[in-house]
4 protein chains.
Amino acid sequence: MSSQASHPEAGPVPPPKWQRRKEERPSEILAAAAETFVEHGYAATKLDEVARRAGVTKGTLYIYFEGKEALFKAVVRENIVPLLLSAEQSLGDEGAPADQLLRDLMYNWWRGMNAAHLGGIPKLVMSESANFPELAQIWFDEVVVRGRELFGQVLRRGIARGTFRPVDVDLAVRVFLAPVLMAAIWKHSMVACEKDGFPVEDYLRISLDILLRGLQVPAAAGTEKRDA
Amino acid sequence: MSSQASHPEAGPVPPPKWQRRKEERPSEILAAAAETFVEHGYAATKLDEVARRAGVTKGTLYIYFEGKEALFKAVVRENIVPLLLSAEQSLGDEGAPADQLLRDLMYNWWRGMNAAHLGGIPKLVMSESANFPELAQIWFDEVVVRGRELFGQVLRRGIARGTFRPVDVDLAVRVFLAPVLMAAIWKHSMVACEKDGFPVEDYLRISLDILLRGLQVPAAAGTEKRDA
Amino acid sequence: MSSQASHPEAGPVPPPKWQRRKEERPSEILAAAAETFVEHGYAATKLDEVARRAGVTKGTLYIYFEGKEALFKAVVRENIVPLLLSAEQSLGDEGAPADQLLRDLMYNWWRGMNAAHLGGIPKLVMSESANFPELAQIWFDEVVVRGRELFGQVLRRGIARGTFRPVDVDLAVRVFLAPVLMAAIWKHSMVACEKDGFPVEDYLRISLDILLRGLQVPAAAGTEKRDA
Amino acid sequence: MSSQASHPEAGPVPPPKWQRRKEERPSEILAAAAETFVEHGYAATKLDEVARRAGVTKGTLYIYFEGKEALFKAVVRENIVPLLLSAEQSLGDEGAPADQLLRDLMYNWWRGMNAAHLGGIPKLVMSESANFPELAQIWFDEVVVRGRELFGQVLRRGIARGTFRPVDVDLAVRVFLAPVLMAAIWKHSMVACEKDGFPVEDYLRISLDILLRGLQVPAAAGTEKRDA
DNA sequence: AATGAATGAGACTTCATTCAT
DNA sequence: TATGAATGAAGTCTCATTCAT
């Protein structure tokens with residue numbers, strides 16, 4: 001009775017070589033799922049493809065996630081906090097000039113998003129917003145609203161310090177948020193259509209160039225100004 | 001009530017089960033399909049719903065379109081030309097100052113898109129770009145490229161006349177195109193998340209306000225001028 | 001009450017130019033249907049194709065036939081009697097030698113079947129026998145059984161007269177019926193596969209040649225004879 | 001009723017919902033499909049019925065076959081080689097007299113076809129020849145042409161040895177092939193119509209009896225002989 | 001824990017049939 | 001009578017989910 005094949009504890013614990021993967025599995029699956037959902041959208045994504053990209057089989061997905069919808073929601077939810085964090089960490093030295101802060105915010109956020117493969121989430125959420133409104137709401141509250149606050153703080157400070165001319169901050173933040181969102185969406189949709197690629201960093205640079213100039217206070221001497 | 005054979009008025013005339021509307025059907029179906037595709041995306045759209053919205057049965061769709069994919073492509077293709085036309089017609093008096101032309105272009109395009117329910121197409125195409133790359137390419141070539149040309153002309157003229165400071169026009173057009181696209185996408189995705197709605201026209205106004213200021217020639221020597 | 005538009009007898013009877021077709025329609029439709037059913041089988045036949053071949057529209061079929069199944073049954077039923085008649089008329093002079101009668105029967109039946117486009121019916125009935133058993137039964141009773149009787153009479157007479165050696169007539173008739181059926185089936189199925197076509201008449205000739213020799217009385221004492 | 005937690009033996013073990021039979025499935029499905037296609041034809045066959053006969057659900061069919069058409073083609077293709085093999089193995093001792101070889105060929109082929117349930121394929125192929133011409137061609141080339149060669153060899157040898165009188169072998173083979181095909185077709189079509197069944201073996205026997213006599217050399221000078 | 005064969009609900013699509021014109 | 005647009009039942013096929021192994 002002792003020397004049976006099915007004796008789990010018969011010998012010393014076998015080296016859990018593959019077990020190490022157990023902990024990584026969920027995040028590997030999430031990453032594969034994120035890619036696939038971003039590429040094809042929720043309904044067009046086949047779990048077979050997700051599984052293949054994650055290097056497992058379909059059945060395994062169900063060990064870690066309740067189903068397709070749960071997986072989708074996890075993809076979005078797991079990426080919301082990082083997306084915001086990435087933004088918040090993009091702020092440079094808070095003592096720096098407001099225009100510099102805005103530059104940092106936009107540039108670094110973009111770079112952070114890309115480094116962490118977070119860029120597809122905005123496109124995904126917008127594409128599926130009608131099918132998953134509560135998810136869209138979460139994303140909106142966590143990322144958009146707080147992104148707006150972030151930009152708003154900088155704008156307000158800049159205005160207070162005289163770096164920027166006074167503008168309706170609530171609206172202006174949308175103007176500054178747009179290029180980053182646009183870049184993220186574009187990179188995950190139309191970029192294949194551009195013959196020469198889309199020079200995102202150049203696009204952000206010139207956006208900032210124009211936008212920041214547009215916020216400059218009119219030349220004090222009263223000679224220059226148009227709006228009044 | 002008298003002695004009529006076969007009582008024509010015995011009861012209320014039962015409504016005919018269906019009507020023959022050969023002429024109107026295709027566009028009715030196309031409209032219903034556009035709505036549904038924009039709302040749910042290609043894969044999540046059920047032809048049952050399209051049919052219901054169009055007031056017909058599923059089978060009828062197949063009289064006018066070869067299948068789901070053909071219907072989808074028709075929706076996109078049919079709206080590409082109007083989308084561009086709407087842009088081209090947005091240009092005001094070509095003799096007007098360049099900044100005024102830019103304003104007209106952006107505002108009127110947006111209004112034209114909305115009046116003709118064309119606004120959902122950009123979002124749809126971007127969402128499905130990976131699933132229908134050739135469609136994305138067509139849209140890109142017809143709408144984006146030519147939209148860029150449109151903005152480019154105005155920018156170039158403004159620079160030539162000294163209204164705008166010199167900028168890299170190829171990049172700058174993207175900056176001006178972005179707010180319109182952004183508005184279209186937003187309206188068909190996140191708008192439901194905004195507690196107070198999204199004030200698109202205000203957004204476009206302030207975008208223009210900031211962007212146009214950002215293009216002004218620096219007040220270097222008081223030489224600022226507007227083109228005639 | 002007198003001058004109403006819906007007055008069938010208002011004027012002189014209009015020249016029934018197209019009406020002439022009314023009488024021909026059913027048989028035109030039947031012919032078109034026969035062709036199509038033979039070619040594709042019952043289930044694979046589309047009424048659209050039948051209508052097209054008959055030069056009418058689908059709706060018209062329903063004026064003359066209750067539906068697809070009724071049309072199919074009509075096709076078979078309408079051709080059963082001619083098929084048998086064609087066989088019975090194939091018999092030459094009843095006083096002729098039995099072997100000559102068998103030749104006439106086989107050849108002429110085949111030719112008659114083809115002249116009247118009846119040849120596809122056997123293949124059709126056999127193909128659909130499991131789907132329309134009662135039809136198969138009718139065909140069997142009317143054509144096969146009576147065809148067997150026809151061959152049986154000739155065989156029996158030939159045996160009685162010493163033209164043929166004694167054989168089990170009930171079985172032998174099947175042997176003589178087979179080549180005609182085979183030819184009919186082959187012509188409507190495998191003929192397209194034969195590089196050089198299928199020489200049906202040659203096939204029937206050699207079949208008869210072999211079969212009739214096979215029925216000859218053994219050369220008992222060199223007394224071989226043909227019946228008067 | 002005692003104090004067991006989670007009653008392992010509370011009731012009879014429920015039968016498992018399904019079993020894993022990766023190896024057997026394809027041939028089980030193929031067999032079920034062959035039956036059904038033979039019975040109803042391609043178009044009238046419902047995959048539901050095939051699945052039911054195979055003891056699986058519809059979806060399972062698609063694990064092993066791409067779709068209805070692929071299944072159909074597999075049915076035919078898988079049976080072509082056996083059909084021919086069955087014929088080739090029907091030849092008895094090659095040294096035997098030619099007439100004996102012909103008997104063996106016909107009888108044994110018929111029996112082999114039946115034992116392996118191959119008999120329905122000829123009927124199926126002929127019924128669907130217009131809908132699947134390339135399949136008909138394959139069947140023709142593999143079975144008919146090579147079957148003709150088989151009969152042709154025997155006939156030629158018999159003629160060479162003086163067992164058979166000289167005949168046009170290319171035509172005569174068709175005469176000998178016909179009874180087997182006829183039997184196969186009949187058994188899968190009209191047999192239900194025959195009140196007393198169709199005595200196929202008797203039919204083949206008398207066919208052979210007549211045909212072989214019909215090939216005997218005329219008793220011209222009493223030289224009739226059988227080859228050794 | 002992992003697999004992947006099997007399931008079954010649900011989608012797309014076809015086409016016989018109906019009926020307004 | 002003839003048409004053909006519209007219908008809707010029924011079939012094929014897909015794929016998220018389950019579960020025996």
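Just so we're on the same page: letters track the sequence lines, and every chain starts at 1.
Rounded to an integer number of Å, the gap from D/E23 CD to F/dT21 P is 14 Å. As rounded to whole Å, 14 Å separates atom C1' of E/dT13 from atom CG of B/L71. For the pair C/E66 CD and E/dT17 P, the interatomic distance rounds to 10 Å; values are reported in whole Å. Taking atom CG of D/D48 as the reference point, atom C1' of F/dT12 lies 10 Å away to the nearest angstrom. When rounded to the nearest whole Å, the span between CD of D/E28 and P of E/dA6 equals 9 Å. With rounding to whole Å, B/I29 atom CD1 is found 10 Å from F/dA6 atom C1'. D/L47 has its CG atom 11 Å from the P atom of F/dT14, to the nearest Å. In this structure, B/K68 places its NZ atom 12 Å from C1' of E/dG10, rounding to the nearest Å.
Ion pairing between a basic and an acidic side chain is recognised when a charged N comes within 4.0 Å of a carboxylate O; B/E28 and B/R53 show no such pairing.
Residue B/I63 is classed as a base contact, given a heavy-atom separation below 4.0 Å to a base. Backbone-only contact: B/G67 has heavy atoms under 4.0 Å from sugar-phosphate atoms and none from a base. Looking at heavy-atom distances under 4.0 Å, C/K58 makes contact with a base.
Nearest-nucleotide positions on DNA chain F for B/R21 and A/K46 put B/R21 closer to the 5' end. Nearer the 5' end of DNA chain F, as judged by each residue's closest nucleotide, is the contact made by C/T57, out of C/T57 and B/T57. Take the nearest nucleotide of DNA chain E for B/Y42 and for D/V56: the residue whose nucleotide is more 5' is D/V56. Both B/R20 and D/K17 lie near DNA chain E, and the one whose nearest nucleotide falls closer to the 5' end is D/K17.
For the pair B/K73 and B/F132, the cation does not sit on the ring face, since its NZ or CZ is not both under 6.0 Å from the ring centre and inside 45° of the axis.
Between atom CG of residue D/N131 and atom CG of residue D/L135 there is a gap of 11.0 Å, rounded to the nearest 0.5 Å. With rounding to the nearest 0.5 Å, the separation of NZ in C/K123 from OG in D/S129 is 4.5 Å. Between the CD1 atom in D/I121 and the NE2 atom in D/H188 there is a gap of 8.5 Å [rounded to 0.5 Å].
Between B/Y62 and the phosphate of E/dT14, there is no side-chain N or O to OP1/OP2 separation shorter than 4.0 Å. Residue B/T60 places no side-chain N or O under 4.0 Å from the OP1 or OP2 atom of F/dA6. Under 4.0 angstrom from either OP1 or OP2 of F/dA6 there lies at least one side-chain N or O belonging to B/Y64. Listed pair B/R25 / F/dA6 meets the phosphate criterion, a side-chain N or O lying under 4.0 Å from OP1 or OP2.
With both pairing distances under 3.5 Å, F/dG4 is matched to E/dC19 as a Watson-Crick or G-U wobble pair. Under the Watson-Crick or G-U wobble criterion, with both distances below 3.5 Å, F/dG11 is paired with E/dC12.
Closest approach of B/A43 and B/K68 over heavy atoms only: O-NZ, 3.4 Å.
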